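Remarks on the structure that follows.
Not measured: the values here are computed from a predicted model.
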There are 2 protein chains.
Amino acid sequence: MLPEDNILFKGVDQSDCRRMISCFNPDIRKYKSGSRIAEFSRENDRIGIILSGRAVMERYDINGVRTIVEALGEQSVFGAFFTYSPSIRSVIEIVSETDCEVMFVKRSEITKRCENACPCHSRVVENLLELMSEKAINLSERIEVLSQRSIEDKLISCLQIIEDKTPQGKTPLIPFSTTALSDYLCVNRSALQREITRLKKNGILTISKRKFRLYHNKEQDF
Amino acid sequence: MLPEDNILFKGVDQSDCRRMISCFNPDIRKYKSGSRIAEFSRENDRIGIILSGRAVMERYDINGVRTIVEALGEQSVFGAFFTYSPSIRSVIEIVSETDCEVMFVKRSEITKRCENACPCHSRVVENLLELMSEKAINLSERIEVLSQRSIEDKLISCLQIIEDKTPQGKTPLIPFSTTALSDYLCVNRSALQREITRLKKNGILTISKRKFRLYHNKEQDF
DNA sequence: AAAAATCTGTTGCAATTGCAACAAGGAGGA
DNA sequence: TCCTCCTTGTTGCAATTGCAACAGATTTTT
């Protein structure tokens, strides 16, 4: 992927972009599937952007319980700047699900006044603002799911959000295995399985592999 | 409160600040305790900053169940730009807990290139970026709490976060009533009460009114 | 192709949580 | 001051969820 296709440089023309890239001094790295891309214990100032591949942000608490915080696809951004675990209570890690290519930039490089006085610099800051906003919205949706009081409601609310984001005509796709989904919903896997089976029986849900369809036969319709 | 004390204008000197204020054309309003300050169904572009007073961001789902998303104090920022409920699934509202003074600014006013070419303008954008970052961290902490699997763990993790944010020497303070706290932790009130009573009995927690102390006698110590 | 590892689907049982109802305490308004 | 409304604290019972264990399916590695 060319740097100028990157969302951080959206709207910046190619030559400016190259100049800025040298200015930001980014670090592009490749990772094999299953490797640890980053850990938010101490690093504070690095922003990572997934150029290719898929990864997940996960947290392990002191008891070793895993929670999947977010699924990261191409163009997803992560970093302590966005979401950050301030204490020893838990560790947040980014782990690749497929082979990945990741670009790291220092936030301070972006924010600082550019000595070359790039006029396009401020465009990048705006893009960063936009990304932050998206991230906040994602986290907010995550909270919406987790604040549901039952497994059924958590699952449905999660699937509805995925549905809403799926382009017209495409089949909505769960970005996790069922096991991982239970870590995302923060519930027991077999209890989740039980609910899925029940919803299928009642004709509210069909799932095959990671594709699904929801039939909103309930009071949600209005 | 003078505008130049506002975090959005941090680091901008007074005369620049006044110029910019006229440029941003902010809307400052007062609210009585218990009023609805904002609702995120349609408004998309307004950022609110609490100048004085306290408020909460709450969500009501289709069944009327309330969730407290966030406690907002002085200098807190809110808006669909930060956290936004994209669908009819639920409604997010900002409700004042005390009398409040709130400043609204259009996000596009901040982001747009200023025709007066304020050099300090970019400082404001950076401040906004900083605020966004804080917001993301808050949401992230919220997720940390909600992803705990039991009421006990939710409560403790919530109290630890409050403790960590409390300045040395001060007594940590829960920003909610117990009833509201249960809406924040997304659990049943009497079940939460039961846990609190149990933790008190076991000497892990003391609470009087909203002040509390945690005694980390458990395996957390290391 | 075989072996290993991981994921799916199920179930009985135990533990936790939600619900409803009620008594008592406190805050604020008439 | 009294009255109302809201919060706290408690409890028995019901419902939901977690846990453990297992079998079969699927995927990955060797």
Side-chain angles (χ1 to χ4, degrees), chain A residues 32-35 54 56 58 61 63-68 95-99 145-158 173-202 205-212, chain B residues 32-34 56 58 61 63-68 95-99 145-158 173-202 205-212:
Chain A
K32 289 251 174 257
S33 166
S35 26
R54 282 182 297 112
V56 290
E58 31 188 61
D61 70 16
N63 304 316
V65 177
R66 178 178 79 153
T67 302
I68 294 185
V95 177
S96 56
E97 286 224 297
T98 64
D99 291 3
V145 170
L146 289 181
S147 58
Q148 300 301 316
R149 311 297 161 103
S150 68
I151 294 185
E152 175 184 344
D153 289 344
K154 282 196 177 79
L155 176 62
I156 289 182
S157 127
C158 172
L173 213 65
I174 304 171
F176 308 113
S177 69
T178 310
T179 307
L181 183 62
S182 73
D183 283 345
Y184 182 78
L185 301 180
C186 300
V187 299
N188 179 275
R189 182 193 65 83
S190 37
L192 172 62
Q193 188 67 53
R194 186 160 39 200
E195 288 306 308
I196 290 176
T197 311
R198 205 170 56 75
L199 290 175
K200 281 203 262 186
K201 265 190 200 135
N202 297 348
L205 178 65
T206 53
I207 296 196
S208 79
K209 300 271 175 188
R210 294 184 175 190
K211 293 183 180 178
F212 73 92
Chain B
K32 290 252 172 257
S33 166
V56 290
E58 30 188 63
D61 70 16
N63 304 316
V65 177
R66 178 178 79 155
T67 302
I68 294 185
V95 177
S96 56
E97 286 223 298
T98 64
D99 291 2
V145 171
L146 289 181
S147 58
Q148 300 302 317
R149 311 297 161 105
S150 68
I151 294 184
E152 175 184 344
D153 289 344
K154 282 196 177 78
L155 176 62
I156 289 182
S157 126
C158 171
L173 213 65
I174 304 171
F176 307 113
S177 69
T178 310
T179 308
L181 183 61
S182 73
D183 284 344
Y184 182 79
L185 301 180
C186 299
V187 299
N188 179 275
R189 182 194 64 86
S190 36
L192 172 62
Q193 187 67 52
R194 186 160 41 202
E195 287 307 308
I196 291 177
T197 310
R198 206 171 54 76
L199 290 175
K200 281 203 263 185
K201 264 190 200 133
N202 298 348
L205 178 66
T206 52
I207 296 195
S208 78
K209 301 271 176 188
R210 294 184 175 189
K211 293 183 180 178
F212 72 92

- Message: Check this for me, if you would: do A/Glu195 and A/Lys154 make a salt bridge, where the nitrogen-to-carboxylate-oxygen distance has to be below 4.0 angstrom?
- Response: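 No.
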Rounded to the nearest 0.5 Å, what's the gap from [atom1] on [X] to [atom2] on [Y]? Could you check?
X	Y	atom1	atom2	value
B/Tyr184	B/Leu192	OH	CG	13.0 Å
A/Thr206	A/Ile196	OG1	CD1	12.0 Å
A/Gln193	A/Leu181	CD	CG	10.0 Å

- Task: Any pair with a residue in residues 173-194 of chain B that passes salt bridge (charged side-chain N to carboxylate O under 4.0 Å, His left out), sequence neighbours left out, goes on the list, sorted by first then second residue, please.
- Result: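 Listed once each, the pairs are B/Arg66-B/Asp183.
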- Item | First-last contacting nucleotides on DNA chain D - partner chain A, under 4.0 angstrom, heavy atom |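 Going 5' to 3' along DNA chain D, contacts run D/dT17 to D/dT27.
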- Message: So if I take residues 186-198 of chain A and measure heavy-atom distances to DNA chain C, which residues fall below 4.0 Å?
- Response: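 Within residues 186-198 of chain A, the residues near DNA chain C are A/Arg189, A/Ser190, A/Gln193, A/Arg194, A/Thr197.
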- Heavy atoms under 4.0 Å, any strand shown: does A/Lys209 hit a base, just sugar-phosphate, or nothing?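 It contacts sugar-phosphate atoms only.
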- Message: Do B/Cys186 and A/Leu146 have side chains that approach each other closer than 4.5 Å (heavy atoms only, starting at C-beta)?
- Response: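 In short, these two side chains do not touch, never coming nearer than 4.5 Å.
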- Heavy atoms of other groups near A/Lys200 NZ, more than 12 under 6.0 Å: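 Enclosed.
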- May I have the distance from A/Arg210 (atom CZ) to C/dT6 (atom C1'), rounded to whole angstrom?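 In whole Å, C/dT6 C1' lies 12 Å from A/Arg210 CZ.
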- Query: Could you state the CG-C1' distance from A/Leu181 to C/dT8, rounded to the nearest angstrom?
  - Reply: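 About 13 Å, once rounded to whole Å.
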- Message: Determine whether a donor-acceptor pair (N or O, by modelled atom type, separation under 3.5 Å) exists between the side chain of A/Asp99 and the backbone of A/Lys32.
- Response: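 A pair under 3.5 Å: no.
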- Assign each of A/Arg149 and A/Ala180 to its nearest nucleotide of DNA chain C by heavy atoms, then name whichever residue's nucleotide is nearer the 5' end.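 With A/Arg149 and A/Ala180 compared, the 5'-side residue is A/Ala180.
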- Is the phosphate of C/dT8, meaning OP1 or OP2, less than 4.0 Å from a side-chain N or O of A/Thr179?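 Yes.
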